[in-house]
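What follows is a single structure, written as structure tokens, with notes after it.
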Amino acid sequence: MKRIIKIGMDVHSTNYTLCAMEPIIGAEERVFGEIKVEPDYKWIICFIESLKMKLGYENDYSIECGYEAGCLGYTLYHQLTNAGIKCVILAPTTMLTPQGLRIKTDKRDANLIAKCLCYGGYHPVYIPTGEDDAVKEYLRMRDDHKKALKKLKQQINAFTLRHGHQYTGTKWSVKHVIWLNKLELKPMYRETLDEYMISYQEQESKIERYDKRIEEIATEARYKENVGKLGCFLGIRTHTALSLIVETGDFKRFAKGNTYAAFLGLVPGEHSSSNSVNRLGISKAGNKHLRCLLIEAARGICKGAIGYKSKTLRSRQSGQAPEIIAYADKANIRLRRKYHKMIRNGKKKNVAVAAVARELACFIWGMMTGRISITA
């Protein structure tokens, strides 16, 4: 008879805590061993072998390991699967957690993960291909530099304001940069601002180089078609389209567009009881990076007039199939109309933008799964 062993792993950069558990139908699960080991997958293999020795090699075993998504990424997953051990990565926001006050320790976390593996109280994280993961890391690196540039701009603005100079025009336009470079300051202050501006120019040139490389990646055969389709939507350019493709992977693993929106954390929460219905803000569960990109895309959609198509959008849609363009245009019109209607009805701007982002996620799912004939 095959014995089922689930091994929950609470993993950190400094150590792994392991908990081996056997689910038993109609009875409380059986814990075989709990141990803290060095952060090396070979120790996990040794732990599994010691379990087999303890329980008897004559038995047939079905062993599965699991750990929460976190700092280790997919490294441990690939190491264990390459060694022939089944492994899953658990999405933290989907795990069933005990109610009430909880004492948090590595041992308890490993035990909780083992229980989730035993009884199915979780959803696994999608594991991207090696190529997609490499592109994802490049895109996120570019975004990190973009955040650093934003912070640097704030520091420069604060510096000039502290010393009695404030630019009244459009910030970070060509004229603003010229104004900063010609600003008359005391020698030491001027030297400080010059160093800031050197860093600013370096960051600008880096991001320009990264964006050019991203455009090159998007023209590769495995991405070109889907990037082109997503580019037909307002607010979605190459960087956002490529991020959606490599981080989502297989869009067909989501049964509905609403399920995909939930994966991005864009669906509203709810706390209702009896006849009392209380709607909450978006759940913010799931992929934070894609959620932020879609929120930014939604902000771009909400700025224009209903039905207006810029030259840039027409250029992105050029060469696409008529049904693709028609579906994207239908989405663009609907989303802008939705935003303006919500604002007229007194909804806050951020609430309306989040609602547009949620529905945009549904349209993206439809585009990527070929459900473009569904009425929007």
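The shown structure was predicted, so the numbers you read here are calculated from the model rather than taken from an experiment.
Using a 4.5 Å cut-off on side-chain heavy atoms (C-beta onward), V37 and N15 make no contact. The closest side-chain heavy-atom distance from L55 to I5 is below 4.5 Å. Side-chain contact between M21 and L117 is absent, with no heavy-atom pair separated by less than 4.5 Å. Residues Y308 and N332 have side chains not in contact (no heavy-atom distance under 4.5 Å, counting atoms from C-beta outward). Taking 4.5 Å as the limit, every side-chain heavy atom of L139 sits out of range of all side-chain heavy atoms of I217. Proximity of H12 to D106: side-chain heavy atoms (C-beta onward) are separated by under 4.5 Å at one or more points. A heavy-atom distance below 4.5 Å is found between the side chains of Y61 and K52. Between K146 and Y210, the closest side-chain pair of non-hydrogen atoms is not below 4.5 Å.
Contact check on E137 versus R140 returns no salt bridge, with no Lys/Arg side-chain nitrogen under 4.0 Å from an Asp/Glu carboxylate oxygen. Salt bridge annotation for E34-K107: present, with a cationic side-chain nitrogen under 4.0 angstrom from a carboxylate oxygen. Salt bridge status for K309 with D329: present, with a side-chain N to carboxylate O gap under 4.0 Å. No salt bridge links K6 with E22; every basic N to acidic carboxylate O contact stays at or beyond 4.0 Å. A salt bridge is defined here as a Lys NZ or Arg NE, NH1 or NH2 lying under 4.0 Å from an Asp or Glu carboxylate O, and E225 with K229 meets this definition.
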### Query
Checking ring pair (Phe, Tyr, Trp, His ring centres under 6.0 Å) for the pair W172/Y200: CA distance, chi angles, key distance, verdict?
CA-CA 11 Å; W172 299 106; Y200 165 76; 4.8 Å; yes
### Query
Would Y16 and Y41 count as a ring pair (Phe, Tyr, Trp, His ring centres under 6.0 Å) if you check the C-alpha gap in whole Å, the side-chain angles of each, and the deciding distance to 0.1 Å?
CA-CA 9 Å; Y16 299 161; Y41 79 99; 9.4 Å; no
### Task
I would like to know whether I44 and I48 meet side chain to side chain contact (heavy atoms under 4.5 Å, CB included); could you show each step before the answer?
CA-CA 6 Å; I44 300 173; I48 292 172; 4.3 Å; yes
### Task
Would you check, one step at a time, whether the test side chain to side chain contact (heavy atoms under 4.5 Å, CB included) holds for M342 with N345?
CA-CA 5 Å; M342 292 182 73; N345 290 336; 5.8 Å; no
### Task
Go through the steps to decide whether I282 and R358 satisfy the test side chain to side chain contact (heavy atoms under 4.5 Å, CB included), and finish with yes or no.
CA-CA 9 Å; I282 58 175; R358 185 201 67 79; over 6 Å; no
#### Entry: Trace of the salt bridge (Lys or Arg N to Asp or Glu O under 4.0 Å) decision for K136 with D133
CA-CA 5 Å; K136 181 202 78 172; D133 189 49; 3.4 Å; yes
#### Entry: salt bridge (Lys or Arg N to Asp or Glu O under 4.0 Å) between K104 and D109, intermediate numbers included
CA-CA 7 Å; K104 179 174 170 56; D109 287 345; 2.4 Å; yes
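Taking hydrophobic clusters as Ile, Leu, Val, Met, Phe, Trp and Tyr residues chained together by side-chain heavy-atom distances below 4.5 Å, Y67 shares a cluster with L51.
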N/O donor to acceptor pairs below 3.5 angstrom from side-chain atoms of residues 230-245, sequence neighbours left out:
| unit_1 | atom_1 | unit_2 | atom_2 | d |
| --- | --- | --- | --- | --- |
| T238 | OG1 | E215 | OE1 | 3.2 |
| T238 | OG1 | E215 | OE2 | 3.1 |
| H239 | NE2 | D143 | OD1 | 2.9 |
| H239 | NE2 | D143 | OD2 | 3.4 |
| S243 | OG | H239 | O | 2.9 |

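Distance alone, capped at 3.5 Å, is enough to place a donor-acceptor pair between the S199 side chain and the E195 backbone. When atom types are taken as modelled, the side chain of R253 and the backbone of D250 share a donor-acceptor pair closer than 3.5 angstrom. In terms of modelled atom types and a separation under 3.5 Å, the side chain of S318 and the main chain of S315 share no donor-acceptor contact. Looking at R336, its side chain never comes within 3.5 Å of a backbone N or O of G307 through a donor-acceptor pair. Looking only at distances, no side-chain donor or acceptor of T94 sits under 3.5 Å from a matching main-chain atom of L90.
Counted by atom type alone, E247 and N287 present one or more donor-acceptor pairs between their side chains at under 3.5 Å.
Ring geometry for F254 versus F263: interplanar angle of 30 to 60°, hence tilted. Aromatic ring orientation, Y189 versus H163: tilted (interplanar angle from 30° to 60°).
Here the rule is ring-ring contact (aromatic ring centres under 6.0 Å, His included) with Y260, and of Y126, W365, F251 only F251 fits it. Y77 pairs with exactly one of L72, I89, V125 by the side chain to side chain contact (heavy atoms under 4.5 Å, CB included) rule, that one being I89.
In this structure Y223 satisfies the side chain to side chain donor-acceptor pair (under 3.5 Å) test together with D132, sequence neighbours excluded.
Closest approach of A114 and C19 over heavy atoms only: CB-O, 3.8 Å.
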